[in-house]
Amino acid sequence: MTYGARLSNSFLGEWELYVVTDGISLDWPEHSFGRTGPVPTVQERADALAQLGFVLADDAEWEWQECPTGVTDRVRLLASVDVQHRDGAA
């Protein structure tokens, strides 16, 4: 089973990663990088996912999009990738 992992810069600008495990709860596994820059590296993201018990799904690649905030020219960045439980459990 695959899930969607998201990397975003929060309203305060700090980078955070979370895994959407269902469409109902907002109590998803999450990791804060505790900084506003630079963007977490691919390895840092993989390490954070591993700490949460996930790995990238087969052939998965990070996809980026810019989301306007409506506040001046500030843009919120969002990256997503498919992940699965590290041990293959559902």
Checklist line | Under 3.5 Å donor-acceptor, Arg86 side chain and Ala50 backbone | finding: yes
Should [X] and [Y] count as side-chain neighbours, where that means a heavy-atom distance under 4.5 Å?
X     : Y     : result
Leu17 : Leu52 : yes
Val55 : Gln84 : yes
Val81 : Glu61 : no
Asp22 : Trp28 : yes

Notebook entry, point to check: Would Leu7 and Tyr18 satisfy side-chain contact (heavy atoms from CB on, under 4.5 Å), going step by step from the backbone distance to the final call?
Noted result: CA-CA 7 Å; Leu7 174 73; Tyr18 57 94; over 6 Å; no
Atom [atom1] of [X] and atom [atom2] of [Y]: how far apart are they, to the nearest 0.5 Å?
X     : Y     : atom1 : atom2 : value
Glu16 : Ser32 : CD    : OG    : 6.5 Å
Thr36 : Glu14 : OG1   : CD    : 7.0 Å
Asp58 : Thr2  : CG    : OG1   : 10.5 Å
Trp62 : Arg45 : CH2   : CZ    : 5.5 Å

Next item on the list: Using the ring of Trp15 (Phe, Tyr or Trp, six-membered ring only), decide whether Arg35 places NZ or CZ under 6.0 Å from its centre and within 45 degrees of its axis.
Entry: no
Check: Are the aromatic rings of His85 and Phe54 close, with centres under 6.0 Å apart?
Finding: yes
Item checked: Candidate pair Val19 and Leu49, rule side-chain contact (heavy atoms from CB on, under 4.5 Å), full reasoning -> CA-CA 8 Å; Val19 179; Leu49 283 168; 4.0 Å; yes
Checklist line | Test side-chain contact (heavy atoms from CB on, under 4.5 Å) applied to Asp82 and Tyr3, step by step | finding: CA-CA 6 Å; Asp82 288 336; Tyr3 303 94; over 6 Å; no
Notebook entry, point to check: So Glu66 and Leu77, side-chain contact (heavy atoms from CB on, under 4.5 Å) or not? Walk me through it.
Noted result: CA-CA 5 Å; Glu66 295 180 357; Leu77 294 175; 3.7 Å; yes
Check: Between the side chains of Gln51 and Asp47, does any donor sit under 3.5 Å from an acceptor?
Finding: no
Margin query: If you count every heavy atom of other residues, nucleotides or ligands that lies below 6.0 Å from Asp27 atom CG, does the total exceed 12?
Written below: no
